[in-house]
Amino acid sequence: RKKCGENVKAEVFDMRDVANQFSDRSFDLIFSNFGGVNCLPHHELASVLTDLKNLLKPTGAMALVPMSAYCWRETRYFRSRFRWKQANRRKQKSGVGANVKGREVRTWYFDPEEIEAMLGTVAKACYPVGYWVPPSYLEPRYKNQPKRVDQWRNKDRTRALEGKGGKGADHYFIYFLR
């Protein structure tokens, strides 16, 4: 709200009840940042995304930033430590437990193509978020290497500008028009 001004209204809600909670409204933009959609299993997310799409105005847009089903840097990190279960955790169809501020939250991972299939439409754009920059839980490893992290950020920006999709990144930005 501070960045967008008074014309933007932000709300927090349980996504599984979006159709009931907002049945009398429509939106210009629906945005879910950094893994919010990853808290639902495939069958629930498909239903929620359809409900969200139906809440968009005719010229509305939906932008999501899910965690990818494959993150090359995470996989490489865990394999180098012979932690095979963690290296393959994003592939678990039954979801995995993720520590969120001391609470375990069941988490599922999706490829951009899965999100497109759930919505029944092709994304207008899909960009990597954290292809070169390591996942946030690895940040302490690189705290004394700010120049290296800046180089990775620049490489991530270049990758996005080149139109490279979200494959292999920690997260990806995916954008749909109604």
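Along the sequence shown, residues are numbered consecutively beginning with 1. Keep in mind the model is a prediction, meaning the values are calculated, not measured.
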Closest non-hydrogen atoms of Asp170 and Ser136, given as atom of the first, atom of the second and distance, are OD2-N, 4.5 Å

How about CZ on Arg178, more than 12 heavy atoms from neighbouring residues, nucleotides or ligands closer than 6.0 Å, or not? yes

If hydrophobic clusters are built from ILVMFWY residues whose side chains come within less than 4.5 Å, do Val18 and Leu119 share one? yes

Please tell me whether Asp17 and Asn20 have a donor and an acceptor in their side chains that are separated by less than 3.5 angstrom. yes

I'd like to know if Lys167 pairs up with Glu113 as an ion pair, taking the criterion as any Lys NZ or Arg NE/NH1/NH2 lying under 4.0 Å from an Asp or Glu carboxylate oxygen. yes

Would one find more than 12 heavy atoms of other residues, nucleotides or ligands at under 6.0 Å from atom CZ of Arg76? no

With side chains defined as the heavy atoms from C-beta onward, is the minimum distance between Trp72 and Trp132 less than 4.5 Å? yes

Ala61 to Leu177 - nearest heavy-atom pair and separation: CB-CD2, 3.8 Å

Hey, does the side chain of Thr107 reach the backbone of Val105 with a donor-acceptor pair shorter than 3.5 angstrom? yes

Side-chain heavy atoms nearer than 4.5 Å, only ILVMFWY residues, links allowed to pass through others: does that put Tyr127 and Met62 together? no

With hydrophobic residues grouped by side-chain heavy-atom distances under 4.5 Å, do Val129 and Trp152 end up in a single group? no

Exercise: identify the closest heavy-atom pair between Val48 and Met15: CG2-O, 3.5 Å

Just verifying a value: how many Å separate Arg106 CZ and Gln92 CD, rounded to the nearest 0.5 Å? 9.0 Å

In plain terms, say whether Asp150 and Arg153 are close enough for a salt bridge, that is, a side-chain N and a carboxylate O under 4.0 Å apart. yes

With the side chain counted from C-beta on, respond yes when Ile174 and Pro66 share a heavy-atom pair under 4.5 Å apart, and no when they do not. yes

Shortest non-hydrogen contact from Trp108 toward Asn38: O-ND2, 2.6 Å

Just do the side chain to side chain contact (heavy atoms under 4.5 Å, CB included) check on Arg16 and Leu40 with the steps written out, would you? CA-CA 9 Å; Arg16 293 170 295 192; Leu40 298 172; 3.6 Å; yes

Identify the two heavy atoms, one from Cys126 and one from Gly166, that lie closest to each other, and give their separation to 0.1 Å. SG-N, 3.7 Å

Start with the C-alpha distance between Val37 and Val65, add both sets of side-chain angles, then the distance that settles side chain to side chain contact (heavy atoms under 4.5 Å, CB included), and finish with yes or no. CA-CA 8 Å; Val37 298; Val65 186; over 6 Å; no

Under a single-linkage definition using a 4.5 Å side-chain heavy-atom cutoff for Ile, Leu, Val, Met, Phe, Trp and Tyr, are Tyr175 and Leu52 assigned to the same hydrophobic cluster? no

So how far is it from Met118 CE to Leu45 CG, rounded to the nearest 0.5 Å? 4.5 Å

Phe176 CZ to Lys53 NZ distance, which is reported to the nearest 0.5 Å: 8.5 Å

Tell me, yes or no, whether the heavy-atom count around Arg81 atom CZ, taken from other residues, nucleotides or ligands under 6.0 Å, exceeds 12. yes

Return yes if a side-chain donor-acceptor contact under 3.5 Å exists between Glu74 and Tyr137, otherwise no. yes

If you measure from CG on Asn88 to OH on Tyr70, what distance do you get to the nearest 0.5 Å? 10.0 Å

Are Arg90 and Asp111 close enough for a salt bridge, meaning some N to O gap below 4.0 Å? no

Look at the side-chain heavy atoms of Ile, Leu, Val, Met, Phe, Trp and Tyr, link any pair under 4.5 Å apart, and say whether Phe31 and Leu56 land in one connected group. no

Tested for side chain to side chain contact (heavy atoms under 4.5 Å, CB included) against Tyr131, the lone hit among His171, Arg159, Lys155, Arg73 is Arg159

When rounded to the nearest 0.5 angstrom, what distance separates CD1 in Ile115 from CZ in Phe110? 6.0 Å

Closest non-hydrogen contact found for Phe173 with Ala63 is CE1-CB, 3.8 Å

Remaining members of hydrophobic cluster (4.5 Å side-chain criterion), Tyr109: Met67, Val96

Mind checking the CD1-CG spacing from Ile30 to Leu55? Nearest 0.5 Å is all I need. 5.0 Å

